[in-house]
Each structure stands twice: as structure tokens, then as C-alpha cells.
Amino acid sequence: MHIEPSIHNLRGMSDILPHETQLWRYMDNTLSTLLTTYGYSEIRLPLLESSALFERSIGAATELVEKEMYCFDDRNGMSITLRPEGTAGCMRARTQHGLHDNRLWYHGPMFRYERPQQGRMRQFHQLGVETFGMPDADIDAELIALNYRMWQQLGVDAQLTLQLNSIGNQHTRENYCAQLVQWIRDQAITLHPTDEARLTANPLRILDSKDTAMQKLLHDAPQITDFLDDDSRSHFDQLRHILDNASIRYRINPYLVRGLDYYNRTVFEWTTTHLGAQGAVSAGGRYDGLAAQLGGGDVCACGFAIGLDRLYLLLKQHIELHNVPHIYTVVFGDDIFAHAMAQIEQIRTAHPELSIVMHCGDGSLKSQLKKADKSGAILALIIGQNEMTAREMTVRELRTEKSTQHTVSDAHIAQWLNDYFIRHPFGNTIHKKLLQ
RNA sequence: GUGAGCGUAGCUCAGAUGGUAGAGCACAGGAUUGUGGCUCCUGCGGUCGGGGGUUCGAUUCCCCUCGCUCACCCCA
């Protein structure tokens, strides 16, 4: 079949296909359950917000706002934007509704107009966790511990490294930036064009330059940790103390900065070397000034966001999930289906936990058994003219080495299945396979 | 936004210095009148990403375009 190119999916907006959704749900369920056990409440937010929200919160001079947002005028001429991240919207909702919940989370698609590559898409998915009104490092530590437990529970903790830094307050950064720029100028070397541009636009971003010469140079440059104000320093020390006690390992990375303007003090990132150029799987920090910036008063805040597509890629390297039914029902012959479905519905009522696929449509016994086999089902329930007349079913075992069949009356089938699955505990329908 | 490499069957890929295409897997049917997995046979399936140019003739050469992938950049 030929499909016009114009009705393909948009660039960077990919479908999540049936063979992938099982692992996505496993990931989502694991994370949301954990968030509940830590006392966090879910909030569901709109995908569209006024453009002004993002310009004011993220920072008008950032790359993200300047070039990567999906902005449109709605029918009234108002500028609206597909959310490029979740923090701003979450903060807006909390302020607007006067919420007192201080632990929130959300998840869903975000949109940034970028060139797609591994782990980076135009529509991508984030799970964000935000906390409010807690000024001390205890909550910073809790968030990191929660995040770490997520990795452990999903079995990807070995692939991730926690990078930690403090970028102090605004004063710290202004002082530091001035010193850094001066120091680089003093080196009297020619810079890479992008670094030259950053030096004037956003000097902090020079710190994550990929230019090896620059990286080497930065080794001797002044470090932001030496510029921290007393409060930021003790906050940072307290955080490290808690993490050390909790045996959560981290790497102090004085070059770790944020692309978004609203961060202060703690910044952290979990990175991996298993995903090509996109190493950050989750990132976060403290953003004490954002609420005031959005007219929400003096409410400090701390949070992080997970790049779910990247986490999925990581997870996929270790786990394979298959959704297989317990039973595939083979129905063949004229006018058998109505009888068969009535029987199967009774089984479903008696055993709601069993997953049962009914064969619909034509197909010989042979071809239906082939489908039963392909489905991965443990048992085939065969219902034909003979069975209907005799008020019984033929049960065929599909996963034993030499297949055996049983004839079971309609009246006893529910009990028979119950006994069978007790004797043969195949676990739940999700077969998890750990890959080496 | 910049650069590089790719687009041939549902999937993974072959192929021709220009003469309109193949394999494996998958799917359907059969060998086996009511029995899956192994084997064998047969069948279905392609405007060779799209448009234009050169040519008697383009899937092959040229130009444009769209899409994919990776990296820069940016970031989760």
C-alpha cells in the first residue's frame, strides 16, 4: 500500500507502537507507585499555555525560548505555546489555585523544535517532580533519594551517575561570571565561535563546552564552588552530609550548570554513557525565585524531571516485556460462536484475572491453532460442533513439550481452569526477561 | 540552524557501468476431511521516498524536496 508522504507522522513526533507500550506502562507504573509511597500527589496540566509564561520563567535569552518553542497565535491573536517543559505550568497552576500541596508530580509530552537524534525528539515525554516551600537541603536530598530509588527499582542504577553542583545565588553567579570571563580573556587564546558567542551571551554555558581544548583550559579556571555565599555553602554541605549518610554516591561536578534561568543553589543531573550524545536522563535543582517571578510570592522550590524516552531506551537494553494471554479460544464450524462466547463470558466472570483471547473471523482449526501458538497463550480452548453438542470443551496445552488434551464439560470448565493454573503457576501475563 | 550517512516488499537487506527488480523473515493456503511448534510446496505482496531534468528508455545519472539516522548545537 502506498501512503502519501504528507500523512506520515511529523518529524520528531514518533508513535509508541504496541510492542513498546508494555514496557512504557511498566515504567510509568513503577514510577507513579513510588511517588505515591513518598507522599507526592499527581497534577495534570494543559499542554498549551500562554507564551508569556515560558518567556518569563525559562528566560527570554535562553536558546529554548529563542528558537525551540512551538508558538502559535490562537484565533483571538493571543500567543500560545506547546509546553517545552513542565515546571512553569506546575508553578502557574499552584499559584493560580492557591494550592498548599507541597509535593507534586506530573508527566506527559513536551515539545521542543530541535533536530531529532537518539534520545531527543520534538515531542518527548517527561516526568516532573516539584516541591514547594521547603528551604533546607533536606528536600533536595529527598528528591535525589527518590530519584535514586526509581533507578534501583527499574534496575538501571548501575548505568547512571549522579553529578552534583551548587550554583549559589544570583550574586554568586554574577561575581563568578565576571571572574570567569576575565580569566578566559587573560588566556589570550582564540575561542571556538560557539564559545566566543557564549562568553558574551551566557558565560556559564562555556562550562559544558565540548571543545576538548576548552575543557582542558577550564581545568585551571576559577570554579563556582569557590564563589559560593555562606548560606549556599552550608546548604550544599548539608545536602552532601545527608547524601553521604544515605550512601548515595555522587560526583561533584563544578562545570554542571543549567540551561534554564530559574535555577539557584543545588543543581544535579543523572547521566549515562549508554545513550550516545544525550547523556542526561534526569536533571533538576532548586528554583527559589521562580514563584515570585510569576507573581506567586516568596515560595522556594526544588524539583527534577526525568526524560522518559531516554529512560525507556536505557530500560529496553535490559528488560523485555511480553503480554501473553492465558487462553486462546479456538472457535470453528457454523453457528458456534454465540454458544462459545456465552461460555467464555461465564469463565471471565468466574476468573476475572485470566486473560482470554477469542478467535473472531474465519479460520480452519489448524490456522486458529497456529494463531493460538503465536499468541503465546498457555492453553487453547477448542470449541467446535462436537464440543457444542456434547456441552464440553477441548483444552489443549500449548507450552508443554508433548501437548496433551483434556475434555472438560462446560459445567466444570471454570473450576478446571482454576485448578490448572494453581498447579501450573505461570505468573502473571507479563513475562519479564532480563537480558545480559 | 550546521555537517555527514541513508531511503528498494509489512520487517531485515541484496541488486544493475541506464533496458521497469530478488532473498530471508512475516502473512495466506496446502501436504495432514477436527489439531499449533519441525519440514516441504504454492501463493499474496513493490508507482525501487516524492517531484523535476537528461535520455529512445531512469529504480540506477543530475537537481530539488520530504523522511530517517548520527554528530554539532541545545537539553530531559
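Chain identifiers are assigned alphabetically (A, B, ...) following the order of the sequence lines, protein sequences preceding nucleic acid strands; residue numbering begins at 1 within each chain.
Whole-Å rounding puts the A:E269 CD to B:rC75 C1' distance at 8 Å. As rounded to whole Å, 17 Å separates atom P of B:rA76 from atom CG of A:L314. A:W270 has its CH2 atom 19 Å from the C1' atom of B:rC75, to the nearest Å. Distance, A:L10 CG to B:rG67 P: 8 Å, rounded to whole Å. Rounding to whole angstrom units, NE2 of residue A:H359 and C1' of B:rG36 are separated by 13 Å. Residue A:R11 contributes atom CZ, which lies 9 Å from atom P of B:rC66 at whole-angstrom precision. Rounded to an integer number of Å, the gap from CG of A:L17 to P of B:rC11 is 11 Å. The CZ atom of A:R112 sits 17 Å away from the C1' atom of B:rG1 (whole-angstrom rounding).
In terms of the side-chain contact (heavy atoms from CB on, under 4.5 Å) criterion, residue partners of A:R391 (sequence neighbours excluded) are, by chain and number, A:D410. The salt bridge (Lys or Arg N to Asp or Glu O under 4.0 Å) search around A:E174 returns none, not counting sequence neighbours.
Both A:G276 and A:R310 lie near RNA chain B, and the one whose nearest nucleotide falls closer to the 5' end is A:G276. Looking at which nucleotide of RNA chain B each of A:Y113 and A:G279 is closest to, the 5′-most match is held by A:Y113.
In this structure, A:F421 and A:H326 have side chains that are in contact, with non-hydrogen atoms separated by less than 4.5 Å.
Comparing atom distances between the A:R205 side chain and each of B:rG34, B:rG36, B:rC75 picks out B:rC75 as nearest. Distances from the side chain of A:E68 to the nucleotides B:rC74, B:rG37, B:rG34 place B:rC74 closest. In this structure, the nucleotide among B:rG34, B:rG37, B:rG67 sitting nearest to the side chain of A:F332 is B:rG34. When distances run from any side-chain atom of A:R115 to the nucleotides B:rC73, B:rU35, B:rA71, the shortest one goes to B:rA71. With distances taken from any side-chain atom of A:A277 to the nucleotides B:rC73, B:rA71, B:rA76, the minimum falls on B:rA71.
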Can you check each nucleotide of nucleotides 38-44 of chain B against protein heavy atoms at under 4.0 Å and return B for base, S for sugar-phosphate only, - for none, in 5' to 3' order? -------

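Counting non-hydrogen atoms of other residues, nucleotides and ligands closer than 6.0 Å to CD of A:Q170 gives a total of 12 or fewer. Within 6.0 Å of CG on A:D73 lie more than 12 heavy atoms contributed by other residues, nucleotides or ligands.
Residues A:R251 and A:Q163 bring no donor and acceptor atom of their side chains to less than 3.5 Å of each other.
Comparing the same atom, C1', in B:rC6 and in B:rC13 gives a spacing of 13 Å after rounding to whole Å. Straight-line distance between the P atoms of B:rU39 and B:rG57: roughly 49 Å, to the nearest whole Å. Between the C1' atoms of B:rC66 and B:rC75, the separation comes to 26 Å (whole Å). For the C1' atom pair drawn from B:rC48 and B:rG19, the interatomic distance equals 15 Å after rounding to whole Å. Separation of the C1' atoms belonging to B:rC62 and B:rA58 is 11 Å when rounded to the nearest angstrom. On the P atoms, B:rU60 is 22 Å away from B:rA23, given to the nearest whole Å. A gap of 28 Å separates the P atoms of B:rC56 and B:rU65, to the nearest Å. Spacing between B:rU55 and B:rG10 at atom C1', rounded to whole Å, works out to 35 Å.
A:R396 places no side-chain N or O within donor-acceptor distance of the main-chain N or O of A:T404, the cut-off being under 3.5 Å. Under the 3.5 Å distance criterion, the side-chain polar atoms of A:S232 are left unmatched by any main-chain donor or acceptor of A:L228. For the pair A:D101 (side chain) and A:R103 (backbone), a donor-acceptor distance under 3.5 Å is absent. Under the 3.5 Å distance criterion, the side-chain polar atoms of A:S51 are matched with a main-chain donor or acceptor of A:S79.
Residue-level contact check: A:Q118 touches the backbone only, with heavy atoms under 4.0 Å from sugar-phosphate atoms and none from bases. Counting non-hydrogen atoms under 4.0 angstrom, A:T400 reaches a base of the nucleic acid. The residue A:L308 sits apart from the nucleic acid: no heavy atom pair falls under 4.0 Å. At a threshold of 4.0 angstrom between heavy atoms, the contacts of A:Q368 with the nucleic acid are absent. Residue contacts shown for A:E85 are absent, as no nucleic acid heavy atom lies under 4.0 Å away. In this structure, A:A283 reaches the sugar-phosphate backbone alone: every heavy-atom distance under 4.0 Å involves primed, P, OP1 or OP2 atoms, never a base. The residue A:G119 sits close to a base: some heavy atom pair falls under 4.0 Å. Nucleic acid contact class of A:F304 (heavy atoms, under 4.0 Å, all strands): none. The residue A:G12 sits close only to the backbone: its heavy atoms come under 4.0 Å of sugar-phosphate atoms, none of a base.
Counting only Watson-Crick or G-U wobble pairs whose defining distances are both under 3.5 Å, the stems of 3 or more consecutive pairs in RNA chain B are B:1-7 with B:66-72, B:10-13 with B:22-25, B:27-31 with B:39-43, B:49-53 with B:61-65.
Between A:Q126 and B:rA76, a side-chain N or O to OP1/OP2 separation shorter than 4.0 Å is absent. Side-chain N/O atoms of A:R120 include none lying less than 4.0 angstrom from OP1 or OP2 on B:rC73.
Ionic pairing of A:E114 and A:R122 is not present here: no N-O contact between side-chain nitrogen and carboxylate oxygen is shorter than 4.0 angstrom. A salt bridge does not link A:R83 to A:E85: none of the charged nitrogens lies less than 4.0 Å from a carboxylate oxygen.
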Could you run down the sub-3.5 Å N/O contacts of the protein with nucleotides 28-31 of chain B?
from	atom 1	to	atom 2	distance (Å)
B:rA28	OP1	A:K371	NZ	3.1

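Taking the centre and axis of the six-membered ring of A:F236, the NZ or CZ atom of A:R240 falls inside the cone set by 45° and 6.0 Å.
Per the stacking criterion (ring centres < 5.5 Å, plane angle < 30°), A:F124 stacks onto the base of B:rA76.
For B:rG34, the base has a donor-acceptor partner in the side chain of A:E387 [N/O atoms by modelled type, under 3.5 angstrom].
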Tabulate below the donor-acceptor pairs under 3.5 Å that side-chain atoms of residues 280-294 of chain A make, not counting sequence neighbours, or state none.
from	atom 1	to	atom 2	distance (Å)
A:S282	OG	A:N147	OD1	2.7
A:R286	NE	A:D140	OD1	3.3
A:R286	NE	A:D140	OD2	3.3
A:R286	NH1	A:M134	O	3.3
A:R286	NH1	A:D288	OD1	2.9
A:R286	NH2	A:M134	O	2.9
A:R286	NH2	A:D136	O	3.1
A:R286	NH2	A:D140	OD1	2.7
A:Y287	OH	A:E130	OE1	2.0
A:D288	OD1	A:A301	N	3.2
A:D288	OD2	A:N264	ND2	3.0
A:Q293	NE2	A:R56	O	2.5

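Paired with A:Y420 under the rule side chain to side chain donor-acceptor pair (under 3.5 Å), one option of A:H406, A:Q415, A:E397 passes, and it is A:E397.
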